[in-house]
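Below is one structure, written out as structure tokens; the observations come after it.
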Amino acid sequence: MDTSQTISGRRKDQIAEELPPSLLAWYDRHRRLLPWRSLPGQHPDPYHVWLSEIMLQQTTVATVKGYFDAFLARWPRVEDLAAADLDQVLTAWAGLGYYARARNLHRCAQAVAALGRFPNTEAELLELPGIGPYTAAAIAAIAFDRPATILDGNVERVISRLHRVQTPLPKAKEELRALAAKLTPQHRPGDYAQAVMDLGATICTPTRPKCVLCPWRPACAAFAAGDAETYPRKAAKAVRPVRHGVAFWMINDKGEVALRRRPEKGLLGGMMEIPSTEWRTENWAEAEVRAQLPAAGKWQMLDGQVRHVFTHFELRLGVQRALIRKSPAADLIWVSPDRLSDYALPTVMRKVVDLAMNRKVSDVT
DNA sequence: TAAGCGTGGTA
DNA sequence: TTACCAAGCTT
């Protein structure tokens with residue numbers, strides 16, 4: 001090996017050794033203050049850490065804050081959450097999305113309450129419902145200060161830039177995990193885990209990273225190459241298809257509106273809905289909709305339609321409205337319109353309510 | 001392994 | 001407006 005390479009190699013090793021301490025020093029000055037974080041020197045509450053981590057899965061910090069506070073106020077301990085009705089949990093979760101998380105949250109609370117303590121190893125945590133590789137590592141590190149390697153979207157971005165990883169996600173995951181594991185320190189691993197995420201969230205951002213402010217800039221290959229913003233590389237995404245449906249807003253002689261509970265599994269599982277036709281690729285013709293009307297009455301097609309974007313398709317929902325004399329189907333639940341907030345209505349159904357009640361109106365075309 | 005699973009904010 | 005993105009998990 002030639003001499004300059006050896007020197008350069010040693011210099012790199014030296015920089016690599018300094019990465020965790022330099023990040024921790026940065027974190028001590030710039031850490032975000034978040035409702036679920038303990039203050040320096042205090043032990044975090046595993047219940048708070050777990051609850052926040054579940055809520056934060058694919059969900060922004062700003063969105064989670066209000067839900068986190070509301071859950072803690074209502075269910076201060078994991079035993080309280082375990083004792084709650086699932087439907088109460090779903091109602092409190094409404095609007096947050098990915099509703100399987102709420103059902104798993106409830107099951108997990110019951111498992112922890114039955115166990116009488118919070119599991120504190122990565123392997124044990126991984127057994128619990130709703131806890132996957134990332135969340136198990138995050139709880140082990142943050143709540144119990146174990147040297148677990150977290151790999152979330154932030155870490156993927158930071159590490160792929162640091163090493164200028166060319167492999168596109170999701171294929172690059174194991175490569176990134178191995179690189180991240182080499183950095184995980186024995187000293188303050190919990191703070192380190194939160195520090196990498198703070199770095200990704202505030203400095204090493206997806207667009208326009210603030211490299212001038214980054215404590216890892218001296219070691220960053222992408223910064224040196226001037227192409228940080230192009231990482232992580234990603235595989236091309238599939239196009240999002242459009243589906244169509246018609247919702248039926250039924251009002252009885254008491255002024256109540258008909259809801260229905262969706263099946264436990266699948267899309268919006270266990271949540272409430274305004275009954276509707278199937279959501280299908282083809283548009284619905286008038287005659288087809290007439291044949292599907294769930295009850296006799298004077299049906300009126302409302303102007304506009306609800307547009308809602310799910311992860312894997314876009315939904316366009318027309319709304320038909322009618323006064324109904326008697327309940328046409330046994331599985332309907334009749335609810336006073338001013339009590340709708342007591343029910344587990346996902347956001348797409350709130351939009352239907354808004355259109356049907358002639359409110360103003362997001363995502364109506 | 002890849003598809004299914006929500007929503008709101010931002011460029 | 002569209003497209004992307006955010007502390008991923010389950011099957």
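Here is how names work: the chains are called A, B, and so on, in the same order as the sequence lines, proteins then strands, and each is numbered from 1.
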Between atom [atom1] in [X] and atom [atom2] in [N], what is the gap in whole Å?
X: R233(A); N: dC5(C); atom1: CZ; atom2: C1'; result: 18 Å
X: E127(A); N: dT10(C); atom1: CD; atom2: P; result: 11 Å
X: K173(A); N: dG8(C); atom1: NZ; atom2: P; result: 8 Å

Please tell me whether L176(A) and Y231(A) are part of a single hydrophobic cluster in this structure, the criterion being side-chain heavy atoms less than 4.5 Å apart.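 As far as the 4.5 Å side-chain criterion goes, Y231(A) and L176(A) are not connected within one cluster.
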Students often get this wrong, so: under 4.0 angstrom with heavy atoms, is I142(A) touching a base, only sugar-phosphate, or nothing?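 No contact at all - I142(A) keeps every heavy atom at 4.0 Å or more from the nucleic acid.
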For nucleotides 3-11 of chain B, give me one character per nucleotide, 5' to 3': B if any protein heavy atom sits under 4.0 Å from the base, S if the only such contacts are to the sugar-phosphate, - if neither. -SBBBS---
Is any side-chain N or O of R157(A) under 3.5 Å from a base N or O of dA6(C), one able to act as donor and the other as acceptor?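 Between dA6(C) and R157(A), which were checked side chain against base, a qualifying N/O pair under 3.5 Å is absent.
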Would you please name every residue forming a ring pair (Phe, Tyr, Trp, His ring centres under 6.0 Å) with Y134(A), sequence neighbours left out?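 Counting only residues at least two positions away or on another chain, Y134(A) forms no ring pair (Phe, Tyr, Trp, His ring centres under 6.0 Å).
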Axial cation check for [Y] ring with [X], 6.0 Å and 45° limits:
X: R262(A); Y: W279(A); value: yes
X: R280(A); Y: W284(A); value: yes
X: R243(A); Y: F313(A); value: yes

Exceeds 12 heavy-atom contacts within 6.0 angstrom, atom CZ of R29(A):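 No, not enclosed.
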